[in-house]
Amino acid sequence: MVDLSVNLAGMEMDNPIVPASGTFGFGKEFKDFYDINILGSFSFKGTTKDARFGNPTPRIAECSSGMINAVGLQNPGVEHVVKYELPEMKEYFNKKVIANVSGFSVEDYAYTCRILDKEEQVGILEVNVSCPNVHGGGMSFGTSPECAAEVTRAVKAVTTKPVFIKLSPNVTDIVSIAKACEDAGADGICLINTMLGMRVDIKRRKPVIANTMGGFSGSAIFPVAVRMVYQVAKACNIPVMGCGGVSSAKDVIEMMMAGATAVQVGAANLVDPYVCKNIIEALPIECEKLGINKISDIIGVID
Amino acid sequence: MVDLSVNLAGMEMDNPIVPASGTFGFGKEFKDFYDINILGSFSFKGTTKDARFGNPTPRIAECSSGMINAVGLQNPGVEHVVKYELPEMKEYFNKKVIANVSGFSVEDYAYTCRILDKEEQVGILEVNVSCPNVHGGGMSFGTSPECAAEVTRAVKAVTTKPVFIKLSPNVTDIVSIAKACEDAGADGICLINTMLGMRVDIKRRKPVIANTMGGFSGSAIFPVAVRMVYQVAKACNIPVMGCGGVSSAKDVIEMMMAGATAVQVGAANLVDPYVCKNIIEALPIECEKLGINKISDIIGVID
Amino acid sequence: MYKQGLFEVLSNDKIAKDVFKMVLKGDTQYITAPGQFVNIKLDGKFLRRPISVCDCEDDKLTIIYKVVGEGTEQMSAVETGSTLDILTGLGNGYDITKSKKPLLIGGGVGVPPMYLLCKKLVENGQNPTVILGFNTEDEIFYEEEFRLLGADVRVTTVDGSYGTKGFVTDAFPDEYDYFYTCGPMPMFRAIEAKAVTSGQYSFEERMGCGFGACMGCSCKTKYGSKRICKDGPVLVREEIIW
Amino acid sequence: MYKQGLFEVLSNDKIAKDVFKMVLKGDTQYITAPGQFVNIKLDGKFLRRPISVCDCEDDKLTIIYKVVGEGTEQMSAVETGSTLDILTGLGNGYDITKSKKPLLIGGGVGVPPMYLLCKKLVENGQNPTVILGFNTEDEIFYEEEFRLLGADVRVTTVDGSYGTKGFVTDAFPDEYDYFYTCGPMPMFRAIEAKAVTSGQYSFEERMGCGFGACMGCSCKTKYGSKRICKDGPVLVREEIIW
Ligand SMILES: Cc1cc2nc3c(=O)[nH]c(=O)nc-3n(C[C@H](O)[C@H](O)[C@H](O)COP(=O)(O)OP(=O)(O)OC[C@H]3O[C@@H](n4cnc5c(N)ncnc54)[C@H](O)[C@@H]3O)c2cc1C
Ligand SMILES: Cc1cc2nc3c(=O)[nH]c(=O)nc-3n(C[C@H](O)[C@H](O)[C@H](O)COP(=O)(O)OP(=O)(O)OC[C@H]3O[C@@H](n4cnc5c(N)ncnc54)[C@H](O)[C@@H]3O)c2cc1C
Ligand SMILES: Cc1cc2nc3c(=O)[nH]c(=O)nc-3n(C[C@H](O)[C@H](O)[C@H](O)COP(=O)(O)O)c2cc1C
Ligand SMILES: Cc1cc2nc3c(=O)[nH]c(=O)nc-3n(C[C@H](O)[C@H](O)[C@H](O)COP(=O)(O)O)c2cc1C
Ligand code: FES
Ligand code: FES
């Protein structure tokens, strides 16, 4: 029997598979497809201080081996999440969940994390720094080491739960940003978020996405994700949660060898709702073929 | 009849189709497939001051909808190019060619461009600033507005031919870099070069590419390319040559609507050697369907 | 409840200009209401393609689709005997408990969901009047099929090449106590201006998942934000913000 | 000269453990020398897959491939009657003008190119000796086919389950005036240590294009850099840098 368990910054997981934020809602839609308790954990929809409708539609565009989304962090706000979503979730998910937190100012992040810190169901706070900093000229927090570190410190100050900073790949030097987060006290790094992309509707002569640009994800971005996971895992001493384009057990193994302790699956859930279940079932078989007895042995084996 | 002609910084082209540097050699291999004089032009293999063998093999990895290469600028050096390749090329290509120039110091670039400036066959100098700056800690010239501008000025000082700076997409803020090049005198911008990517051979537990990482290209990167072409074309007043993931006439139209005056086709040539011919044949048909009489009318029509 | 399943293509035929009818065989038990849709995986395409259920009887599913882009182009070339991966049971569907004399209005490829709806209403003895709107004669399909269900069928064409010349609103009956519609936005606006009763509209939106997980298809309604794929595609007249 | 063409799959059968033989029909006129290869496009894969020509007669092309990854796995499932997009005429191939008593050494999936080479040498009356090296009995293929060409055939297996126990070098004949080989690197090293004549080695490298355009497959030789796909895959012993 292959041992699939991993320890992610103190959170014991039966396996490394984590549906990525924004592609799994609060788990409700997937429990009709399979028992989601088979998952290592899951990261719920990006939650902000206040409720948000998000961007105008169309919010979705198709690409080769991927898609663009411009949902714009639609969510019911942290109070609603704590009052309704988490209690309901308890009925169909009995493991610790990962809380994905977004914000538009450092105070936003701290506010939301302080509330989520009290929730026993939350195992890890995953702080998405890809949002535009409204006090910082609109560039996202994740584009500068200083801003990312500032968010990290603010969040660490209000919680005792492990804090993962989820980084944006749209940067020149991912390592410097990851290191700044580590130095500011982050317990782990999650990467990558979506890449900034755009498609044009050549019939209408307009961008497909109402918001012009959006977040590009899916198998197309896998090589960029593997590269960044590798670079960050080599440079930092905190665990990395890998994400970006994963859709098979082999992809999971590849990302773990590159340095990931756990692996998130995003867009693939939308097109194949069973993908995480299939991966969890295929992992022991693929591991056996490769002579892997304990999956945690392969984390970062690449030189 | 659809008019496919475009004027690229003064260079009149029968159509906007340009095979991208590094995927078309010096054209020799393709003339056995079709008469390459049907092309708008082509960009020849990245040429450096001295001959280079490039990186160790394996240099190639497969990805979803794309590939990674780590050729490492293998080329015979500018003297050899001028002495042998260009004269030979004259026999099978009777249009102006685009000379792709790489370097590892500002002096390198100037040296190579000064020599190529004298070549009547060369219509445009395309300066690839994705190479590591050996005097600048190894970060590529294309990652900072200052370095990119410095290269631009050095090249402009030694040539009267139009100079296009070919930018790397692996940056936080592509617009600031493009604008710095424009301000430094560039006649145009070419983008995007490859994205930094990596694959792992899970059987061998090693990176697939001997050099660990490499340049990721092919249809997978198209949405990132369209986005950057759009951003740069909106921000700059010099023409943009679009590149990245193009493999069909529709892709060409999409990139032109996003702001490109001419469109390069890279990795697609390697898997379908006839792709540029097919695109040139399909373009008038697709244009007609979309009510486009003159392809130059659609350049940057997107708001 | 929704479900992923493999369906065998029994037939795939052109029935009007750019319009194809595909009959599939598979597990249809999750298709529970007219107006629901299915989401179809196509080789080489990342996202699935949402298509309304036109008819569903035992293990047979009928869809009608128009070729408008790469995906539907590819669908039109799918051969009999091949297999498609389809998510079924998506969307709320029409609520058919609302009326005694319903009016059904389908425009273009908004016609297909009207068929199963019409069938159910006829079965319930609800006596539907059906208006099918097209631009021109060569686009018309399914007129005869609706008639065979026993409905009062009116066809309109914008250019007058067949049936009543004009828009669907030019063929409105004098009597109806409720309406159901699916079709393009301009048609919806015309109906909104003319209709005097309550009714249900079925909307389209570009979708990520089709089953409520991604928030790709949200729209604002008077009662808050709704997902077209899960809380819709059918919205009642009273909640819609135009 | 090379050429893109569509080939019809006439058969695709398993002939040994993980090893398949595929016979294709199409325009083979660009295949001009044994040791050349073809480059096969597979649905959903970005890069083509290079496979040696095993046999080529009139419009029939035979290849033999081992399932080692996703692409070859997919190839093994290709059905008879379907069509593959293939580039043909790639690579230099073996130069067969060099010898009177040649030795051919194929290891594993290095065996296939030896077949057409053997055929040509026999046709020329060059009396080849052929050594086919495998790890174990269930991997063996084509022994009989080589015998039918009229060659002196020796089979070796590492575990001794069939033929001579050991490596190909354990079955070297006393007399040969030249050698041709294709197979894995360790086998090449053993040959290099034992062979006393000149010869030709066929190399493998991960390829971008397969026709000389991308510089993806370069290797250093004593006479400068060469592209395995175009200047190779066959290199002569004297130029190789080990
Ligand atoms: C609930 C619902 C039911 C539908 N029922 C039918 C039907 O019964 N018959 C029919 O012909 N069409 C129907 N459509 C529209 C159909 O989904 C699109 O025409 C189809 O997806 C176009 O795909 P394509 O690849 O040919 O076009 P492309 O433009 O190449 O598609 C690119 C992307 O845009 C999406 N897209 C494009 N147009 C639409 C659209 N109008 N609505 C939603 N997504 C779109 C595609 O799904 C794909 O993700 C329905 C749409 C929805 C949302
Ligand atoms: C000139 C030449 C001739 C060949 N002839 C034969 C033959 O006759 N029979 C046979 O079984 N095999 C042959 N091979 C090897 C064959 O190309 C690979 O086994 C095959 O490409 C693996 O593809 P895959 O998708 O199954 O493996 P994957 O590992 O999934 O492939 C991933 C990528 O790596 C490349 N790759 C993987 N292994 C190799 C390799 N050994 N050499 C080159 N590229 C590789 C693939 O082409 C693909 O681009 C030859 C290779 C070359 C270069
Ligand atoms: C529809 C959609 C919504 C997303 N919403 C969020 C979000 O709320 N918070 C977040 O951190 N990431 C969000 N993401 C990013 C994913 O969590 C993930 O980082 C990214 O999609 C890359 O992984 P993938 O290629 O597997 O999709 C979203 C992605 C998609 C496709
Ligand atoms: C094998 C290979 C070699 C390349 N060599 C060069 C080069 O020498 N100079 C350069 O500027 N770009 C080079 N590129 C980048 C391409 O010109 C192009 O910018 C990039 O591949 C994106 O386009 P594509 O997605 O169409 O391939 C190379 C790309 C490939 C695939
Ligand atoms: S398409 Fe995903 S929620 Fe509707
Ligand atoms: S594979 Fe492209 S040059 Fe050899």
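Here is the naming used below: chain letters follow the sequence lines, and residue numbers restart at 1 for every chain.
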Problem set entry | Listed partners of A/Phe222 passing ring-ring contact (aromatic ring centres under 6.0 Å, His included), at least two apart |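 Partners of A/Phe222 by the ring-ring contact (aromatic ring centres under 6.0 Å, His included) criterion come out as none, since no residue qualifies.
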Problem set entry | When B/Val171, B/Val226, B/Ile221, B/Ile68 are compared by non-hydrogen pairs under 4.5 Å with chain A, the top option | B/Val171
Exercise. If you count heavy-atom pairs under 4.5 Å with chain A, which of B/Val224, B/Ile174, B/Val200 comes out on top?
Worked result: B/Val200
For this session: Taking all heavy atoms of B/Met198 and all of A/Glu254, pick out the closest pair and write down the distance.
Result: O-OE2, 4.5 Å
Examine whether an atom of [X] lies under 4.5 Å from a heavy atom of chain A, and if so say whether it belongs to the side chain, the backbone or both; otherwise answer neither.
X        : value
B/Ser140 : neither
B/Lys203 : both
B/Glu286 : neither

Report the option among [options] that has the most heavy-atom pairs separated by less than 4.5 Å from atoms of chain B.
options                                : result
A/Met256, A/Arg199, A/Met228, A/Met255 : A/Arg199
A/Asn170, A/Thr143, A/Asp173           : A/Asn170
A/Gly197, A/Pro207, A/Ala225           : A/Gly197

Seminar exercise, completed: By side chain to side chain contact (heavy atoms under 4.5 Å, CB included), A/Ala20 pairs with (sequence neighbours left out) A/Thr23, A/Cys243, A/Gln264
Exercise. Mind checking which of residues 290-303 of chain B sit less than 4.5 Å from chain A, heavy atom to heavy atom?
Worked result: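 Residues B/Leu290, B/Gly291, B/Ile292, B/Ile298, B/Val301, B/Ile302 are the ones that qualify, each having a heavy atom under 4.5 Å from chain A.
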For this session: Could you walk me through whether B/Ser65 and A/Ser65 pass the side-chain hydrogen bond (donor to acceptor under 3.5 Å, both in side chains) test, one step at a time?
Result: CA-CA 6 Å; B/Ser65 298; A/Ser65 299; 2.5 Å; yes
For this session: Would you please test A/Ile253 and B/Arg205 for side chain to side chain contact (heavy atoms under 4.5 Å, CB included) and show each step?
Result: CA-CA 10 Å; A/Ile253 292 170; B/Arg205 302 192 176 193; over 6 Å; no
Exercise. Which bit of A/Lys289 comes within less than 4.5 Å of chain B, counting heavy atoms only: side chain, backbone, both or neither?
Worked result: neither
Problem set entry | Derivation and outcome, side chain to side chain contact (heavy atoms under 4.5 Å, CB included), residues A/Met213 and B/Tyr230 | CA-CA 10 Å; A/Met213 298 177 229; B/Tyr230 174 81; 3.9 Å; yes
For this session: Mind checking side chain to side chain donor-acceptor pair (under 3.5 Å) for A/Ser105 and listing every partner two or more places apart, or none if nothing turns up?
Result: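 With neighbours one apart ignored, the set is A/Glu107, A/Asp108.
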Exercise. Does the side chain of A/Thr172 pick up a donor-acceptor pair with the side chain of B/Thr172 at under 3.5 Å?
Worked result: yes
